[in-house]
Amino acid sequence: MEFRAEMRYLRVSPQKARLVLNLIKGRRVEEARNTLLFTKKRVAAHVGKLLQSALDNANFLSAEKNLDVELDNLYVKSAIANDGPRMKRIRPAPQGRAFRYQRRIAHIELILAERGRSADHVSSSAPSAGAVAPAKRRAPVAKKKAVGKTAKKKTAKAK
C-alpha cells in the first residue's frame, strides 16, 4: 500500500528542492527524518513537514481501513519536485531600463510504501506469473560459403 502527501505552491525553485529530495529517496522513514533534521538547506524543513504528513496519512488510513501497516517498515518510494506557476517580476536597471526575472514555485509529492509487503503479496497471489520458463537455446547455424565470381565460372565450365 502506498501513502501520499503533496505540498503545492512552495516558494522554492524545483531544482533546489530536488537536491534535498534526492537525499531521502529510497531511505527508511526514520533515517529520512534524521537526514532532513541535519540538512542545512531551507527547503529541508518543508520536506520534513511533508514527510510527517505522509506518515500521519499512513497512520490514519491504517486505522480507518483496518490495514495492518508496520510504520517501521515504511520507506520513501518516490519524491518528486515539479514546476509550479512562475511569478514574473521586474527589477530596475540602469538608465531607466528594467530587467525581467522569474520567481520559481515548486509542487512536491512524496510517496511512502511498505518494504517487503508488496513482494510477498505478489509472489503469493500469482506464482505462475512470476515463474518464467527458461528460453531454449538453439544450435548455431552453419554459415554458407560465399559464392564468388571464380566459383560461378568453375560451375559454368563444368556444365
Side-chain angles (χ1 to χ4, degrees), residues 1-138 140-141:
M1 184 94 190
E2 294 180 353
F3 307 100
R4 296 185 52 197
E6 196 171 311
M7 183 177 285
R8 297 176 57 97
Y9 302 104
L10 184 64
R11 286 281 305 267
V12 67
S13 79
Q15 183 178 6
K16 291 178 182 180
R18 284 184 201 113
L19 291 174
V20 174
L21 293 176
N22 287 335
L23 294 174
I24 65 169
K25 280 183 189 175
R27 294 188 181 214
R28 288 185 23 246
V29 171
E30 197 60 39
E31 190 178 345
R33 289 173 89 186
N34 289 335
T35 302
L36 291 172
L37 282 174
F38 294 107
T39 302
K40 291 186 176 182
K41 300 281 186 182
R42 181 177 63 94
V43 71
H46 295 290
V47 175
K49 288 180 184 180
L50 186 63
L51 182 63
Q52 183 61 42
S53 176
L55 194 60
D56 291 341
N57 289 343
N59 196 14
F60 175 75
L61 287 175
S62 66
E64 188 72 21
K65 295 184 177 181
N66 294 329
L67 297 173
D68 186 27
V69 176
E70 193 71 32
L71 295 179
D72 295 334
N73 288 340
L74 289 177
Y75 73 102
V76 180
K77 182 178 181 183
S78 173
I80 301 169
N82 291 324
D83 284 335
R86 295 179 179 184
M87 296 187 298
K88 278 79 172 181
R89 296 291 182 257
I90 296 174
R91 161 172 272 146
Q95 298 180 359
R97 288 190 292 262
F99 291 150
R100 292 189 58 168
Y101 65 97
Q102 296 177 348
R103 296 235 182 229
R104 287 170 169 76
I105 295 175
H107 297 321
I108 301 176
E109 180 182 334
L110 200 66
I111 298 175
L112 302 180
E114 198 167 2
R115 193 176 300 279
R117 185 60 68 108
S118 61
D120 296 338
H121 178 67
V122 170
S123 63
S124 64
S125 65
S128 61
V132 177
K136 293 182 182 179
R137 295 194 61 162
R138 297 188 328 189
V141 179

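Quick caveat: nothing in here was measured; it's all calculated off a predicted structure.
Not counting sequence neighbours, K40 has no partner by the side-chain contact (heavy atoms from CB on, under 4.5 Å) test. In this view, I90 and A98, R100 satisfy the side-chain contact (heavy atoms from CB on, under 4.5 Å) rule, not counting sequence neighbours. For Y9, the side-chain contact (heavy atoms from CB on, under 4.5 Å) test picks out P85, I105, H107, with sequence neighbours left out. Under the side chain to side chain donor-acceptor pair (under 3.5 Å) criterion, E30 pairs with no residue, sequence neighbours left out. Residues passing the side-chain contact (heavy atoms from CB on, under 4.5 Å) test with A63, sequence neighbours excluded: none.
When all heavy atoms of L74 and A58 are compared, the pair lying nearest together is CD1-CB, 3.9 Å. Here the closest heavy-atom approach between residue I24 and residue V76 is recorded as O-CB, 3.5 Å. Shown here for A54 and F3, the closest heavy-atom pair between the two residues is O-CB, 4.1 Å. Among all heavy-atom pairs drawn from A44 and L36, the shortest one is CB-O, 3.8 Å.
E114 places none of its side-chain heavy atoms less than 4.5 Å from the side chain of M1. Put simply, the side chain of K16 does not reach to within 4.5 Å of the side chain of R104, judged on heavy atoms.
The environment of Q52 atom CD is dense: over 12 non-hydrogen atoms of other residues, nucleotides or ligands sit within 6.0 angstrom. Within 6.0 Å of atom NZ in K77, 12 or fewer heavy atoms from other residues, nucleotides or ligands are found, so the atom counts as exposed in its surroundings. Counting non-hydrogen atoms of neighbouring residues, nucleotides and ligands closer than 6.0 angstrom, the OH atom of Y101 exceeds 12 such neighbours.
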Item to check | Derivation of the side-chain contact (heavy atoms from CB on, under 4.5 Å) call for V29 and L71 | outcome: CA-CA 8 Å; V29 171; L71 295 179; over 6 Å; no

Next on the checklist: Determine whether R4 and E2 satisfy the following criterion, salt bridge (charged side-chain N to carboxylate O under 4.0 Å, His left out), listing intermediate values before the conclusion.
Outcome noted: CA-CA 7 Å; R4 296 185 52 197; E2 294 180 353; over 6 Å; no

Next on the checklist: Walk me through whether I80 and L21 qualify under side-chain contact (heavy atoms from CB on, under 4.5 Å).
Outcome noted: CA-CA 7 Å; I80 301 169; L21 293 176; 5.8 Å; no

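No donor-acceptor distance shorter than 3.5 angstrom exists from the side chain of S53 to the backbone of K49, with no hydrogens or angles considered. Under the 3.5 Å distance criterion, the side-chain polar atoms of R18 are matched with a main-chain donor or acceptor of A81.
Remark: L51 CG to D56 CG distance equals 9.5 Å, nearest 0.5 Å. Once rounded to the nearest 0.5 Å, the distance linking CZ of R28 with CG of D72 reads 7.5 Å. With values rounded to the nearest 0.5 angstrom, N66 atom CG is found 11.5 Å from L61 atom CG. Note that CD1 of I108 is 12.0 Å distant from CZ of R8, once rounded to the nearest 0.5 Å. Here S13 contributes atom OG and Q102 contributes atom CD; the two are 12.0 Å apart, rounded to the nearest 0.5 Å. For the atom pair N59 CG and E64 CD, the distance stands at 11.5 Å (nearest 0.5 Å).
Among residue pairs with one or both ends in residues 39-85, none qualify as ring-ring contact (aromatic ring centres under 6.0 Å, His included); sequence neighbours excluded.
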